[in-house]
There are 2 protein chains.
Amino acid sequence: MNLRHLTFRLLEVFVATVRTGSVTAAARQLHLTQPTVSQQLKRLAEAVGEPLLQPGVAGLEPTEAGSELYRAALDVTGRFDDFQDYLAELRGGQRGRFSIALVNTAQYVLPCLLGPYSRDFPDVDVTVQIGNRQQLLSRFERQLDDIYVFSHPPSLEHALAARFLRNPLVMIAPESHALASLDEVRSADLSAERFLLREPGSATRMLFESWLQGQGMQLSGALQMASNEAIRVGVASGMGLAVLSQHVLPAVHSGLVVLPVREFPIDSHWHFIVRRDRRLPHAARGFLQFACARVEHCLPEEFVCNEIAGLLESLG
Amino acid sequence: MNLRHLTFRLLEVFVATVRTGSVTAAARQLHLTQPTVSQQLKRLAEAVGEPLLQPGVAGLEPTEAGSELYRAALDVTGRFDDFQDYLAELRGGQRGRFSIALVNTAQYVLPCLLGPYSRDFPDVDVTVQIGNRQQLLSRFERQLDDIYVFSHPPSLEHALAARFLRNPLVMIAPESHALASLDEVRSADLSAERFLLREPGSATRMLFESWLQGQGMQLSGALQMASNEAIRVGVASGMGLAVLSQHVLPAVHSGLVVLPVREFPIDSHWHFIVRRDRRLPHAARGFLQFACARVEHCLPEEFVCNEIAGLLESLG
DNA sequence: TGCCTGCATAGATATTTATCTATGCATATA
DNA sequence: TATATGCATAGATAAATATCTATGCAGGCA
């Protein structure tokens with residue numbers, strides 16, 4: 001028997017024996033029979049290669065080597081208890097890390113959840129990835145992140161999704177635009193307008209194009225820009241109209257108006273999406289639980305659409 | 001599988017895998033096959049209840065729980081390495097404790113060995129017991145000490161003995177005594193003398209009485225005193241004669257003379273005695289080795305009679 | 001496409017383990 | 001001296017272990 005094959009259990013037996021000063025008492029304490037403890041101690045002494053216990057005034061006393069082993073055993077089991085505590089926190093979602101990937105648009109709302117979450121769970125490291133839909137789909141395919149936030153969820157074959165926030169798409173125009181004064185804008189009114197669009201594949205663009213198709217229309221002229229901010233500024237400076245998430249608009253619409261287009265706003269939702277074939281870190285689940293409980297308080301209530309509970313349920 | 005049954009070996013396997021970032025490399029390092037390591041890691045992960053490793057950029061990387069386990073494993077194995085170092089010192093006799101029991105007379109010479117020994121081995125705690133022969137025999141029977149120093153060894157059935165120092169017994173008288181002026185004192189000259197004796201059972205007394213018996217004599221009058229010092233002072237002040245170990249006499253015989261008695265000095269020796277049925281602590285053996293090597297330097301060479309090597313040999 | 005490299009799984013097996021009951025033996029205690 | 005207490009040993013056994021060989025499977029590279 002080699003020291004290598006020592007188990008924590010064996011050390012526990014030894015510690016109990018030293019503490020009680022009696023094999024029999026240790027056995028009782030550990031719910032074992034006395035011979036079992038005797039034998040474990042024998043094995044331990046063999047492994048160490050020195051006698052560990054000797055009869056003393058108050059029952060068994062540790063020898064010189066036994067005392068040192070006792071100290072070592074306490075240190076070692078103490079260290080492992082710490083480890084177990086750590087594990088417990090990890091499992092409880094109080095500690096650990098997870099990464100969440102957001103489509104550009106969602107970066108306007110997610111911080112309202114992530115901020116309070118981080119304050120409540122300071123020992124969780126959150127990595128936030130932000131990209132356009134294309135980039136996120138690639139990350140999703142490569143399983144790089146724990147939670148994804150999409151407006152238009154990808155194939156759900158290997159994933160679960162839950163809506164949590166309405167994401168109305170509105171059409172914006174410069175304040176001075178002719179259509180801005182109408183009570184209602186019809187699709188026909190838009191035929192001559194030039195639009196500023198996000199890149200193809202963007203959910204916002206996909207939804208707008210599908211609306212146009214429904215109206216039997218095609219875009220007359222379009223300008224493509226890769227960022228919501230650029231589009232907003234572009235619209236304000238008269239480059240054209242655009243369809244954007246309402247969350248992207250600043251609280252004070254500096255130079256912009258939302259056009260009262262018929263059938264607008266286009267309804268869409270943000271989803272939390274997790275892969276089923278990837279182990280969800282406890283911390284990530286903790287975040288979803290947090291979101292489920294607090295989304296109403298952290299985000300404007302009129303937008304909230306909390307289906308996270310179902311997702312958590314499906315995760316088991 | 002429970003955390004209790006974790007072995008240090010398992011932690012080693014894990015550490016090697018984390019360090020190399022590869023199951024195969026770890027297996028090579030540990031002289032195991034790759035499947036063996038795979039399986040050990042699986043068991044470990046099961047025991048912990050969390051995944052510990054995941055594919056990363058540079059081979060396998062520890063997960064959150066894995067990193068913490070790695071830290072814990074390093075701490076724990078480090079602590080046990082310390083313990084092993086301690087054991088090594090213990091085994092080398094550089095550390096530990098032992099107790100040695102001396103008959104009264106030997107306390108005049110043993111410090112000459114124990115002093116230098118303690119200086120060379122400061123981490124060894126030595127307990128010195130001193131008593132008369134009776135007390136020491138009792139301790140010997142009860143196996144209370146590791147090494148005994150007797151002049152007249154007890155039954156050697158369960159013990160080994162080795163002489164290390166001559167212990168000549170001389171007869172002393174006050175300077176002014178009539179016999180002090182003779183060239184040779186014969187036993188007949190002593191018949192009228194009163195003797196101061198140690199308690200019955202004392203080796204000195206036993207040897208003297210056996211000498212008397214050899215001369216066909218009996219003591220005319222005797223005074224019993226329990227201490228060598230008391231006897232010495234008693235003789236100096238004219239209470240009678242005495243037989244004492246030569247080592248007991250002060251360097252300058254204040255008021256005492258050694259009588260040139262025929263057949264004197266009576267030859268006896270001090271012995272180191274160890275029980276065969278009691279494990280000798282490494283430190284005690286270390287002391288004997290020290291004594292064997294240094295007795296010539298630490299004690300007057302004319303008295304040395306070093307048979308310790310044989311004792312050490314018998315101990316194996 | 002086909003071939004390495006590296007990890008995981010399956011199946012086999014000798015050894016070790018953890019644990020029990022029964023019993024022996026020494027030392028206190030009545 | 002008898003009895004109780006406490007430890008050690010023996011023998012038995014189900015379970016777990018440590019380890020192997022053989023094989024499957026995925027990702028990277030020519």
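Chain identifiers are assigned alphabetically (A, B, ...) following the order of the sequence lines, protein sequences preceding nucleic acid strands; residue numbering begins at 1 within each chain. Just so we're clear, the structure is a prediction, and the values are computed from it rather than from any experiment.
B/Glu12 places its CD atom 11 Å from the P atom of D/dT19, with the value rounded to the nearest Å. Following rounding to the nearest Å, A/Leu6 (CG) and D/dT17 (P) show an atom-to-atom distance of 15 Å. One can place CD of A/Glu46 at 11 Å from P of C/dT16, the figure rounded to the nearest angstrom. We find that CG of B/Leu60 is positioned 6 Å from P of C/dA8, with the value rounded to whole Å. Counting to the nearest Å, the C1' atom of D/dA8 and the CG atom of A/Leu53 are 13 Å from each other. Between the CG atom of A/Leu10 and the C1' atom of C/dT16 there is a distance of 13 Å, given to the nearest Å. The distance from atom CD of B/Gln54 to atom C1' of D/dG27 is 17 Å, rounded to the nearest whole Å. One atom, CD of A/Gln39, and another, P of D/dA8, lie 12 Å apart when rounded to the nearest Å.
Comparing atom distances between the A/Arg43 side chain and each of D/dC7, C/dT17, D/dA18 picks out C/dT17 as nearest. Considering only the side chain of B/Val23, C/dC7 comes nearest among D/dA8, C/dC7, D/dT19. Side-chain atoms of B/Arg9 lie closest to D/dT19 of the nucleotides D/dT19, C/dA18, C/dT9.
Here A/Ser22 reaches the OP1 or OP2 of D/dC7: one of its side-chain N or O atoms lies under 4.0 Å away. Taking 4.0 angstrom as the limit, A/Thr36 places none of its side-chain polar atoms (N or O) nearer than this to OP1 or OP2 of C/dT19. The phosphate of C/dC7 has OP1 or OP2 within less than 4.0 Å of a side-chain N or O from B/Thr24. OP1 or OP2 of C/dT17 has not a single side-chain nitrogen or oxygen of A/Thr7 nearer than 4.0 Å.
Residues B/Gln134 and B/Ser138 have side chains that never bring a donor and an acceptor to within less than 3.5 angstrom of each other. If you check the side chains of B/Glu50 and A/His282, you find a donor sitting under 3.5 Å from an acceptor. Residues A/Tyr70 and A/Arg19 bring a donor and an acceptor atom of their side chains to less than 3.5 Å of each other.
The ring pair (Phe, Tyr, Trp, His ring centres under 6.0 Å) with A/Phe98 is formed by just one residue from the set A/Phe287, A/Phe121, A/Phe290; it is A/Phe287.
Counting any heavy atom pair closer than 4.0 Å across all strands shown, B/Thr33 reaches a base atom. Residue A/Pro35 is in base contact, counting any heavy-atom pair closer than 4.0 Å across all strands shown.
Ring geometry for B/Tyr148 versus B/Phe150: interplanar angle under 30°, hence parallel rather than tilted (30 to 60°).
Mapping B/His31 and A/Arg28 onto DNA chain D via the closest heavy atom, the residue that lands nearer the 5' end is A/Arg28. Between A/Gly21 and B/Gln40, the residue whose closest nucleotide on DNA chain D is further toward the 5' end is A/Gly21.
Scanning atom types as modelled, one donor and one acceptor separated by under 3.5 angstrom connect the side chain of B/Gln34 and the base of C/dA8.
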